[in-house]
Amino acid sequence: MGRVLDATPVLPPREEAVEDALGRVLAADVHTRAPLPPFDHATMDGYAVRATDLAGSLLLPVVGESKAGISPPPLATRSAMRIFTGAPLPGGADTVVMQEDVVAEGGVVRFPRIPDRGANVRRRGEDIGAGEVALARGIVLGPAHLSLLASLDLARVGVVASPRVLVLPTGDELRRAGTPERPGSIPESNGVAIASMARRLGATTELVPTAGDDAAGLDRALSDALPRADVLVTIGGVSVGDHDLVRPALERAGVELAFYKVRMKPGKPLTLGRHAGGLVLGLPGNPVSAMVTFGLFGSLILRKMAGRDARHTTARARLGAPVRHKAGRRELVRAVLDGGVASPLANQASGAVLAMARANALVSVPEDVGDLAAGTDVDVYRFEAIGL
Ligand code: AMP
Ligand code: MG
């Protein structure tokens, strides 16, 4: 995997309008330029006063008013100013008394008691001062983060790149799901899986029309897709069968190919290619192999491209049932993870899409071990950690 990642470029971060940045990953720490809130203001409708003015008398004349969006004159000594929620506190005032607590009559207000100094006022910088870190890089921007950015007076924000992933299924037997059956055909089902995984991993995705097992069709599909992709993911046609035409087509299209023998089940040699505009990842066509390979390798490639930490997060779990395993290659076993126990599903065939849909984790069975007994501690990849 190290070599695959070495071949993976990091895309530069980009600026996005705050309103378009939901779900994007913050590229750099955001520092405040001004304090938040930017000025002292009332949190209630009422009267702005200097609390000490009320020590002498609880009766004060009302002089002037402060409304939201307007800058008020300073508070005259020994007076109160009418003030509304969100309005700036006049200079000299330090406290707001709720209108419900006073009796106002004929331009004079009677206060019930000496208020606590600072009551019903939000002070400048109370949330955060100028020049501090308001949001740390790496967080996934949610609605409250976007609101904070807007509060900080920012219209744009630097987010990590969203790699553009194009997904190209190949195979003469494939037809669009829901279209009329023809003998020997099967619905194309990997495209939506890989494109959705890529989207979950932060990519911008496009599922392009399936190419048949013929050189001319593949050439056309590649010349259309390659220039538009940071990562082109082809599905199927990369084993050594007579009809596996994808690798030669990639070479004709100018892709420099590298193969990585991955001693992993399910999964075949991972085909990786490089071209001027980005990477090509050639996945095996078996649905489980395609999803597992993309989950393990594609996820790291996309993370690295986006400038994120390109490492897997695994969890530890206990096996809920024994696993039969022949030492020699690592195996990824579809399992249901619940409460720290990973229970392998019965059908582990590489085409078994039902087991894939019922699982929520992959148990990693190391290369060098034999059968594992129930209760053995294992590493698991939770589906959501690998885009599944
Ligand atoms: P291949 O890697 O092209 O030899 O395909 C291996 C197996 O996966 C074959 O049984 C194919 O029919 C199946 N397959 C390949 N691509 C897809 C796809 N996009 N959707 C569903 N099944 C596929
Ligand atoms: Mg095929």
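Here, residue 1 is the first one in the sequence, and each next residue gets the next number. Whatever order the structure lists ligands and atoms in, that order sets their numbers, starting from 1. Because the structure is predicted, anything quoted here is derived from the model rather than measured.
Nearest to atom 19 (N) of ligand 1 among the protein's heavy atoms is E188 OE2, 2.8 Å. Looking only at protein heavy atoms, the nearest one to atom 22 (N) of ligand 1 is I186 CD1, 3.7 Å. For atom 11 (C) of ligand 1, the closest non-hydrogen atom of the protein is E173 OE2, 3.1 Å. The nearest protein atom to atom 6 (C) of ligand 1, hydrogens excluded, is given as N286 N, 3.7 Å; this is a heavy-atom distance. Protein heavy atom at the shortest distance from atom 17 (C) of ligand 1 is N190 ND2, 3.3 Å. When only non-hydrogen protein atoms are considered, atom 4 (O) of ligand 1 lies nearest to S239 OG, 4.0 Å. Protein heavy atom in closest approach to atom 14 (N) of ligand 1: G285 O, 3.2 Å.
None of T234, V280, D213 except one satisfies the side-chain contact (heavy atoms from CB on, under 4.5 Å) rule with V246; the exception is T234. Each of R123, E126, R124 was scored for a side-chain contact (heavy atoms from CB on, under 4.5 Å) with P37, with one residue passing: E126.
The heavy atom nearest to atom 21 (C) of ligand 1, considering only P169, A193, S189, is found in S189.
A salt bridge is defined here as a Lys NZ or Arg NE, NH1 or NH2 lying under 4.0 Å from an Asp or Glu carboxylate O, and D94 with R117 meets this definition. At a threshold of 4.0 Å, the pair R175-E188 does not count as salt-bridged, since none of the basic side-chain nitrogens sits closer than that to a carboxylate oxygen. Ion pair D127/R122 flagged as a salt bridge, since at least one NZ, NE, NH1 or NH2 atom sits closer than 4.0 Å to an Asp/Glu carboxylate oxygen.
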Inset, instruction - Could you check D219 against R252 for salt bridge (Lys or Arg N to Asp or Glu O under 4.0 Å), going step by step and ending with a plain yes or no? - result: CA-CA 8 Å; D219 287 347; R252 284 197 300 279; 3.0 Å; yes

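When atom types are taken as modelled, the side chain of R316 and the backbone of V380 share no donor-acceptor pair closer than 3.5 angstrom. Judged by distance alone, with hydrogens and angles left aside, the side-chain atoms of S79 form no donor-acceptor pair with the main-chain N or O of P61 at under 3.5 Å.
Contact annotation: for T210 versus ligand 1, there are no heavy atoms closer than 4.0 Å.
Residue contact annotation: G237 has a non-hydrogen atom under 4.0 Å from ligand 1.
The N/O atoms of I235, backbone and side chain alike, include none that comes under 3.5 Å of an N/O atom in ligand 1.
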